[in-house]
Structures are given as structure tokens and as C-alpha cells.
**Q** 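The structure is given below, and queries will be raised subsequently.
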Amino acid sequence: MAEIKNVLVPDIGNFKGVAVIDVAVKAGDSVTAEQTLISLETDKATVDVPAPFAGVVKEVKVKVGDKVSEGGLIVTIEASESAAQAAPAAVATPAQQAAAPVAAAPIAQTANPSQPPLAPASGTPVGSPLLRSDPSAVRGGADAPSPDKGRAGEGFESRISAHASPSVRHFARELGVNLPLVKGSGEKGRVTKDDVQNFVKQALAGGTATGGGGMSGLLPWPDVDFAKYGTIETKPLSRIKKISGANLHRNWVMIPHVTQFEETDISEMEAFRKELGAEYAKQDIKITPLAFMLKACAITLKHFPDFNASLDAGGENLIVKKYIHIGVAVDTPDGLMVPVIRDVDQKGIVQLARELGEVSARAREKKLSAADMQGGGFTISSLGGIGGTAFTPIINAPEVAILGVSRASMKPVWQDGEFVPRLMLPLSLSYDHRVIDGAAAARFTTYLARVLSDMRRLAL
Ligand code: CAO
């Protein structure tokens with residue numbers, strides 16, 4: 001005959017009087033081994049207590065708000081025979097309980113005893129509380145270890161805690177919803193199933209799931225009757241503008257951009273460019289500073305491969321590219337296009353200049369194919385032919401950095417005790433701060449500046 005066993009609060013790491021924040025089962029429920037029975041909340045962590053074996057819940061002895069300690073009775077379960085044999089140590093029959101209380105496996109303590117235990121010592125023994133491995137569920141842990149602590153931005157998220165029942169957590173996991181991003185409408189901000197559903201609906205409807213509460217908190221776009229104030233003309237956006245606009249919008253909203261500014265002395269480069277330009281003008285090849293920029297970027301990307309990389313779709317891995325294909329933003333009458341120049345590291349300045357001329361002409365004649373615009377690992381956007389001293393380019397996702405080039409101008413530069421006129425080129429590097437740290441970006445632009453100011457390095 002099946003035996004009724006007590007399931008007791010296991011070792012939860014020296015905490016006493018811990019609040020029950022969720023009861024996931026009721027009398028009559030069939031449970032499987034490891035299915036969450038209740039959730040407890042210390043001031044440092046949320047802990048799920050799982051069923052040590054499969055069976056049918058006979059009685060639930062706790063309710064939300066109760067305070068429990070190690071050894072306290074949670075539920076009684078009529079165990080299926082095989083299950084009871086499989087996990088005898090985690091429970092005690094009512095008769096045994098007084099003399100032989102629970103033997104749930106203890107969980108590992110962190111080095112700092114004031115910190116909560118963060119993970120089972122090895123695996124998750126039957127009957128041990130399942131401390132959430134999801135770092136987002138660990139609360140109050142500015143110093144709590146996070147599996148991905150190296151990635152900027154995640155530390156912040158790991159400090160956000162979502163109150164939600166195990167079933168809601170399970171539901172969110174199934175839908176791939178990052179729970180800390182969902183605003184809870186339940187008691188004390190608890191996230192309900194409806195909240196998760198609404199979050200998904202909103203994301204599908206074009207709202208984004210990118211920040212606390214997504215974009216739902218924004219005011220609607222102003223709908224103004226401009227004709228009330230004077231004559232107007234309505235011009236539909238071009239197809240290219242619509243497509244690039246949607247991409248730019250996503251990239252701006254989803255990538256934490258930072259822009260690093262730099263200035264480099266291209267006096268020598270300009271003298272050489274002019275020489276080369278005169279030589280190749282006869283062949284109808286226009287040698288502009290951009291060909292040098294491409295080459296200098298290829299050299300710099302080789303030195304800093306993380307800038308020639310992409311986050312994978314799950315945001316878990318950085319894919320570093322071993323090839324150097326660089327996109328170049330081209331301004332066309334219909335909008336912005338970004339053809340890609342391939343294997344830049346393997347080409348010389350003249351060949352790059354020739355290709356640049358060809359692709360920008362094809363872009364303006366609307367002759368680029370989709371393949372011409374694919375495969376880039378990094379982008380250069382040059383407004384140097386037009387003007388300006390600096391700007392903040394938007395990263396071309398899923399790339400992680402883009403270089404903006406502004407117009408070079410003569411400036412007095414302090415050299416060897418005197419001001420000398422030098423041609424200075426302004427650079428603006430926007431980078432994805434989830435992948436690239438500020439120090440790395442400053443090293444990148446400093447290196448790039450050196451390559452551009454020292455022609456010998458371009459030959460390396
Ligand atoms: N500083 C000073 N002069 C520069 C310069 C710089 N950084 N870059 C180019 N120039 C000069 C060129 O040498 C050329 O001079 P000359 O006519 O006297 O020979 C002139 O400016 C025009 O250059 P260009 O624009 O024809 O050629 P390019 O290789 O510099 O650029 C291309 C090619 C296709 C990138 C460019 O035409 C273009 O479309 N730029 C706009 C890109 C853009 O819109 N970016 C913004 C994206 S975000 O909205």
C-alpha cells in the first residue's frame with residue numbers, strides 16, 4: 001500500500017522564520033519528483049522547495065505568509081511505491097518524524113556566510129531546495145556571482161528580482177520571456193500569468209521588450225494637423241528609407257551605444273593621397289581618404305578582433321569573424337545604403353579606392369544586390385566629403401561597432417615647443433557597450449589614430 005510521508009523544510013542555509021511566498025500545490029494534486037511545492041523568500045534569495053518524489057498531495061500544511069524554518073512540515077504526500085523507494089532520505093513518515101526528521105541535502109554556502117547559498121554543492125540532490133540558477137532571480141546580490149558577470153549590462157539585470165510563482169516562472173520560461181523585464185501587477189508587484197501574456201502581446205504588436213516595462217510607458221506619437229499653421233506638402237518615405245529607418249530604430253533602441261571621439265594627424269597621409277590621386281586620375285580612379293580609412297580599420301580590427309564580431313541571437317555568445325569585410329555607408333537620393341567591401345585586409349589602397357568608386361556608383365544607380373550589402377563585420381560612415389566635426393553613428397546590428405569619419409581640417413598642433421599646422425581628422429567610434437568596454441574602445445581609436453598618422457603602419 002502506498003505510504004503517506006511528510007515533506008519537511010530542508011536546510012535553507014541557517015535562515016529561520018523564512019516567509020512562504022508561494023504555495024504551488026493543493027490537496028489532491030499529483031506531483032512529480034522535483035516539482036516545486038512551495039517558494040520561500042529570505043532577505044537575499046528566492047528558494048523553490050521541490051517534491052522529493054512523485055505522488056499525490058494529501059495535505060498542505062503551510063500557506064502564503066507563513067514563516068517556516070528547517071524541519072517544518074510543508075505537505076504530506078502519498079508516495080507512489082517506486083518513488084518512495086527512490087528517495088527515502090528526504091522525508092519522514094509521520095510516525096518517524098519526531099525522532100528522525102528530514103535529511104534533505106544541504107546546499108552549498110558561499111565563502112561569505114552573510115551571503116545566501118547560491119547553488120547546490122553538486123547537482124541538485126533530491127529534496128534539496130532548488131536555488132534558482134537564473135541569476136535574475138537572485139536578489140540583492142550586487143556582489144552575488146553571476147555566470148556572465150564579464151558582460152556589461154548583465155550585472156544590472158541580475159540585481160532586478162521578479163516576484164512570481166513557480167508556475168508563472170515556468171510559463172515565462174516556456175515563452176522565452178525574461179521575467180525581470182515584466183512589470184508585475186499583483187500584490188507587492190508580483191508578476192502574474194496575465195502580466196507575462198500581456199508582455200508577449202505587446203512585444204508581438206511591435207512594442208519592444210527591451211527595457212523595464214518595455215516601450216509601453218511612452219506617449220503616443222503626436223498627431224498634429226500641421227496644415228492649420230500654414231501650407232504643407234506630404235512626401236511619402238522611400239522604400240529604402242522605410243527599411244533603413246526600421247533597422248536604425250531597432251538598433252538605436254536595442255543597443256546600448258557609447259561614442260568615443262578621437263582626432264588624428266593625417267598630414268602625411270594626405271600628401272601621399274594627393275600624389276597617388278594624381279597618378280591614378282588618368283585611370284579614372286578617385287583616391288579619397290576613405291580608401292585609407294578602410295585599410296587602417298582592417299589593420300586595427302585585426303589587432304582588436306572583438307570589434308569585428310557579433311552577438312548571437314540569444315545574446316549569449318560573441319561570434320568573432322576571421323574575415324574582414326567592411327560596410328561603407330553610401331548616401332543616395334533614396335536614402336542610406338551600406339554595400340560591403342570584402343577582404344579589406346588583403347587589398348591595397350588603389351584596389352580599395354576602385355571598389356569604393358564602383359559600389360558607391362552602383363548604390364546611387366540602385367544596382368546593388370542584397371548580397372552586396374551582406375556579410376559585413378564593421379561599418380564606416382564617412383561624412384568627411386560634406387563637413388562636420390563629429391557625430392554619433394548608429395551601429396549596424398548585429399555588428400558591434402561603427403566608425404564615423406568627419407571632415408579633416410587644418411589645426412594648430414603643439415609640437416616640439418611650437419604650434420605647427422597639421423591636417424587633423426575627427427573620428428567617432430560608436431560601440432555596443434554590452435560587448436565592448438570603454439577602455440577597449442579608447443585603445444581601438446588610439447591605435448587607429450596611430451595607424452592613420454604613421455603611413456608605415458598602413459603597409460603592415
Ligand atoms: N576630410 C576632408 N575631405 C574629405 C574627407 C575627409 N574626411 N573625406 C572625403 N573628403 C573629400 C574627398 O577627398 C573629395 O575631395 P575632392 O572632391 O576634392 O577630391 C570630397 O571630399 C568628396 O569625397 P566623396 O564623398 O566623393 O568620396 P568619399 O570616398 O569620401 O566617400 C561615400 C564616398 C560613398 C562614402 C560618400 O560619397 C558618401 O555617400 N558619404 C555619406 C555617407 C553617409 O551618409 N553617412 C551617414 C550615415 S548615417 O546617416
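Start at 1 and go down the list; that is how both ligands and their atoms are numbered. In this chain, residues are counted from 1 in sequence order.
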**Q** Check for me whether Gly277 has a heavy atom closer than 4.0 Å to any atom of ligand 1.
**A** no

**Q** Using protein heavy atoms only, decide if any is under 4.0 Å from atom 28 (P) of ligand 1.
**A** yes

**Q** Do the side-chain N and O atoms of Thr332 and Lys366 include a donor-acceptor pair separated by under 3.5 angstrom?
**A** no

**Q** Nearest non-hydrogen contact with atom 36 (C) of ligand 1 belongs to which option: Met337, Arg364, Glu270, Met293?
**A** Arg364

**Q** Does the protein come close to atom 1 (N) of ligand 1 - that is, does one of its heavy atoms sit below 4.0 Å from that atom?
**A** yes

**Q** Does Pro393 have a heavy atom less than 4.0 Å from any atom of ligand 1?
**A** no

**Q** Hey, which atoms in ligand 1 end up nearer than 4.0 Å to a heavy atom of Val330?
**A** 34 (C), 39 (O)

**Q** Donor-acceptor pairs under 3.5 angstrom involving side-chain atoms of residues 229-243: please list them, not counting sequence neighbours.
**A**
unit_1	atom_1	unit_2	atom_2	d
Ser238	OG	Lys241	N	3.0
Ser238	OG	Asp334	O	2.6

**Q** Which one of Pro426, Ser360, Ala329 has a non-hydrogen atom at the shortest distance from atom 35 (C) of ligand 1?
**A** Ala329

**Q** Should Arg342 and Glu355 count as an ion pair when the cut-off is N to O under 4.0 Å?
**A** no

**Q** If you count the atoms of ligand 1 from 1 in the order shown, which ones are under 4.0 Å from a heavy atom of Ser406?
**A** 6 (C), 7 (N)

**Q** Where's the contact between Met424 and ligand 1, heavy-atom distance under 4.0 Å: side chain, backbone, both or neither?
**A** neither

**Q** How far is atom 13 (O) of ligand 1 from the closest protein heavy atom, and which atom is that?
**A** Pro289 CD, 3.4 Å

**Q** Salt bridge or not for Asp29 and Lys26, using N-O below 4.0 Å?
**A** yes

**Q** I'd like to know whether Thr445 forms a side chain to side chain contact (heavy atoms under 4.5 Å, CB included) with Thr264, so could you lay out the CA-CA distance, the side-chain angles of the two residues, the decisive distance to 0.1 Å, and finally the verdict.
**A** CA-CA 9 Å; Thr445 50; Thr264 185; over 6 Å; no

**Q** Does the protein come close to atom 19 (O) of ligand 1 - that is, does one of its heavy atoms sit below 4.0 Å from that atom?
**A** yes

**Q** Among side-chain atoms of Ser369 and Asp372, is any donor-acceptor pair under 3.5 angstrom?
**A** yes

**Q** Which bit of Leu383 is near ligand 1, meaning a heavy atom under 4.0 Å away: side chain, backbone, both or neither?
**A** side chain

**Q** For Val328, which of Val359, Leu294, Val338 qualifies under side chain to side chain contact (heavy atoms under 4.5 Å, CB included)?
**A** Leu294

**Q** Identify the protein heavy atom lying closest to atom 49 (O) of ligand 1, giving its residue, its atom name and the separation to 0.1 Å.
**A** Leu336 CD2, 4.1 Å

**Q** Can Leu356 be said to touch ligand 1, with heavy atoms closer than 4.0 Å?
**A** no

**Q** If only side-chain N and O atoms count, and only distance matters, is there a donor-acceptor pair under 3.5 Å linking Thr379 with Glu399?
**A** yes

**Q** Among all protein heavy atoms, pick the one closest to atom 25 (O) of ligand 1 and tell me residue, atom and distance.
**A** Gly385 CA, 4.2 Å

**Q** Is it true that Tyr447 and Phe304 have ring centroids separated by less than 6.0 Å?
**A** yes

**Q** May I ask you to identify the nearest protein heavy atom to atom 47 (C) of ligand 1, giving residue, atom name and distance to one decimal place in Å?
**A** Ser381 OG, 3.0 Å

**Q** Give me the nearest non-hydrogen protein atom to atom 44 (O) of ligand 1 as residue plus atom name, then the distance to 0.1 Å.
**A** Asp331 CB, 3.5 Å

**Q** Which heavy atom of the protein is the closest neighbour of atom 40 (N) of ligand 1, given with residue, atom name and distance?
**A** Ser382 O, 3.0 Å

**Q** Salt bridge between Arg362 and Glu365, side-chain N to carboxylate O under 4.0 Å?
**A** no

**Q** On a heavy-atom basis, I'd like to know which of Gly388, Gly384, Ser409 is closest to atom 8 (N) of ligand 1.
**A** Gly384

**Q** Among the heavy atoms of Lys274, does any lie under 4.0 Å from an atom of ligand 1?
**A** no

**Q** Let me check something: any side-chain donor-acceptor pairs from residues 410-417 under 3.5 Å, sequence neighbours excluded? List them with distances.
**A**
unit_1	atom_1	unit_2	atom_2	d
Lys411	NZ	Glu263	OE2	2.4

**Q** Could you say whether the N/O atoms of Leu290 and ligand 1 ever approach to under 3.5 Å?
**A** no

